[in-house]
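Just so it is clear, the structure is predicted and the values come from calculations on it, not from any experiment.
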Amino acid sequence: LDPLVLREVKAFVERVDQRVEAGQGLWFYGDVGTGKTSLAMLVSKAALDAGRSVAIYSVPRLVAEIRDTYDTESADSYMRLFRRLCAVDLLHLDDLGAERTTDWVLEQLYSIVNERWQDRRSIVVTTNLASLDELRDQLGARTVSRLGEICGDPIPIMGPDLRMLADGA
């Protein structure tokens with residue numbers, strides 16, 4: 001991995017308590033299999049080790065869980081899940097942009113990100129989308145703007161698919 005990326009992640013992890021307290025986050029983007037999720041998990045683990053509450057979701061799974069709360073048989077209500085997503089110290093959203101986009105999905109993601117932005121709550125994001133334009137097309141300009149304010153500039157993680165290399169392909 002790029003030493004500059006590792007330095008940035010290390011700096012965040014070393015001050016994870018202060019960074020989470022300030023509502024700051026990180027945003028990793030790049031090719032499939034380059035280590036984005038592993039780096040985000042290091043940040044999430046550091047927050048947990050610092051006594052912070054953390055919720056880790058792949059965005060497609062999160063959208064499915066939100067959708068399930070609308071089922072009358074569901075053990076969880078939408079507002080209870082929404083409050084948990086907004087109250088946790090660090091929300092780790094993996095594979096943002098992998099979800100099928102509908103107006104409803106965009107509304108859900110915006111609501112969560114906006115609430116966390118208003119309350120100065122940390123988010124760690126990974127995405128395979130390569131440019132801000134792609135992210136805006138997939139998520140909407142307002143959501144991307146708020147993520148940028150929380151997480152700063154997206155950190156590029158490029159290179160070969162490490163999973164394929166590990167398999168000997």
Side-chain angles (χ1 to χ4, degrees), residues 9 12-13 15-30 32 35-129 132-155 157:
V9 172
F12 191 98
V13 165
R15 297 190 55 230
V16 71
D17 206 41
Q18 296 96 322
R19 301 292 291 268
V20 169
E21 191 63 37
Q24 298 170 345
L26 290 172
W27 179 347
F28 302 106
Y29 78 92
V32 171
K36 298 177 300 295
T37 297
S38 296
L39 289 172
M41 289 300 288
L42 286 172
V43 172
S44 295
K45 183 179 179 329
L48 283 169
D49 290 348
R52 296 302 189 141
S53 59
V54 177
I56 302 168
Y57 285 94
S58 78
V59 175
R61 190 186 98 216
L62 175 60
V63 169
E65 285 196 28
I66 293 170
R67 194 171 278 120
D68 285 348
T69 66
Y70 288 89
D71 185 349
T72 55
E73 309 279 315
S74 175
D76 208 358
S77 76
Y78 172 78
M79 285 313 297
R80 197 165 33 242
L81 176 58
F82 183 79
R83 280 194 295 272
R84 275 200 319 268
L85 292 169
C86 295
V88 69
D89 293 326
L90 176 69
L91 179 61
H92 172 160
L93 297 175
D94 200 44
D95 280 334
L96 186 63
E99 68 285 347
R100 203 176 106 251
T101 302
T102 65
D103 288 344
W104 180 84
V105 167
L106 293 176
E107 180 183 323
Q108 302 311 309
L109 293 174
Y110 173 77
S111 295
I112 293 163
V113 170
N114 185 60
E115 190 78 16
R116 294 189 66 80
W117 172 75
Q118 287 176 334
D119 292 345
R120 298 180 53 87
R121 296 272 188 198
S122 290
I123 300 177
V124 173
V125 174
T126 71
T127 183
N128 290 39
L129 300 176
L132 287 176
D133 285 339
E134 276 186 276
L135 281 163
R136 285 185 198 102
D137 289 347
Q138 179 75 13
L139 304 172
R142 294 181 311 165
T143 302
V144 172
S145 175
R146 281 162 175 76
L147 281 172
E149 199 165 326
I150 295 168
C151 300
D153 291 332
I155 301 168
I157 306 195

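One N or O on the side chain of S111 and one on the backbone of E107 form a donor-acceptor pair closer than 3.5 Å.
Between L26 and V125, every side-chain heavy-atom pair lies at or beyond the 4.5 Å cut-off. Contact annotation: the side chain of V124 approaches that of F28 to within less than 4.5 Å [non-hydrogen atoms, C-beta and beyond]. Residues E21 and R52 meet the side-chain proximity criterion, which asks for heavy atoms closer than 4.5 Å. A heavy-atom distance below 4.5 Å is found between the side chains of L96 and L147.
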inquiry  = Is there a side-chain contact (heavy atoms from CB on, under 4.5 Å) between I66 and I112? Walk through the geometry before answering.
reply    = CA-CA 11 Å; I66 293 170; I112 293 163; 3.9 Å; yes

_As a quick check of understanding, evaluate side-chain contact (heavy atoms from CB on, under 4.5 Å) for V43 and F12, giving each step before the final call._
CA-CA 8 Å; V43 172; F12 191 98; 3.6 Å; yes

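Closest non-hydrogen pair, C151 versus W27, comes out as CB-CB, 3.6 Å. Taking each heavy atom of I123 and R116 in turn, the nearest pair found is CG1-NE, 3.5 Å. Across all their heavy atoms, L129 and L135 have their closest contact at CD1-CD2, 3.7 Å. Heavy atoms only, all atoms of each residue included: D95 and T126 are closest at N-OG1, 2.9 Å.
N128 is linked by a side chain to side chain donor-acceptor pair (under 3.5 Å) to nothing, counting only residues two or more places apart in sequence or in another chain. Under the side chain to side chain donor-acceptor pair (under 3.5 Å) criterion, S122 pairs with no residue at all, not counting sequence neighbours. Residues that satisfy the side chain to side chain donor-acceptor pair (under 3.5 Å) test with E115, not counting sequence neighbours, are absent from this structure. Remark: R120 pairs with no residue by the salt bridge (Lys or Arg N to Asp or Glu O under 4.0 Å) rule, at least two apart or across chains. Take Y78 and apply the ring pair (Phe, Tyr, Trp, His ring centres under 6.0 Å) test, not counting sequence neighbours, and it matches Y70, F82. For S44, the side chain to side chain donor-acceptor pair (under 3.5 Å) criterion is met by H92, not counting sequence neighbours.
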Pair up each side-chain donor or acceptor in residues 53-64 with any protein partner under 3.5 Å, not counting sequence neighbours, and list the distances.
residue	atom	partner	partner atom	Å
S53	OG	D89	N	2.9
S53	OG	D89	OD2	3.3
S58	OG	R61	N	3.3
R61	NE	E65	OE2	3.1

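Here the rule is side chain to side chain contact (heavy atoms under 4.5 Å, CB included) with Q138, and of T101, T143, V105 only T101 fits it.
Every pair passing salt bridge (charged side-chain N to carboxylate O under 4.0 Å, His left out) that includes a residue from residues 133-146 is listed here, sequence neighbours excluded: D133-R136.
D103 CG to Q108 CD: the interatomic distance, rounded to the nearest 0.5 Å, is 11.5 Å. Atom CG in N114 sits 8.5 Å away from atom CD1 in I150 (nearest 0.5 Å).
The neighbour count for D119 CG, taken as heavy atoms of other residues, nucleotides or ligands under 6.0 Å away, is above 12.
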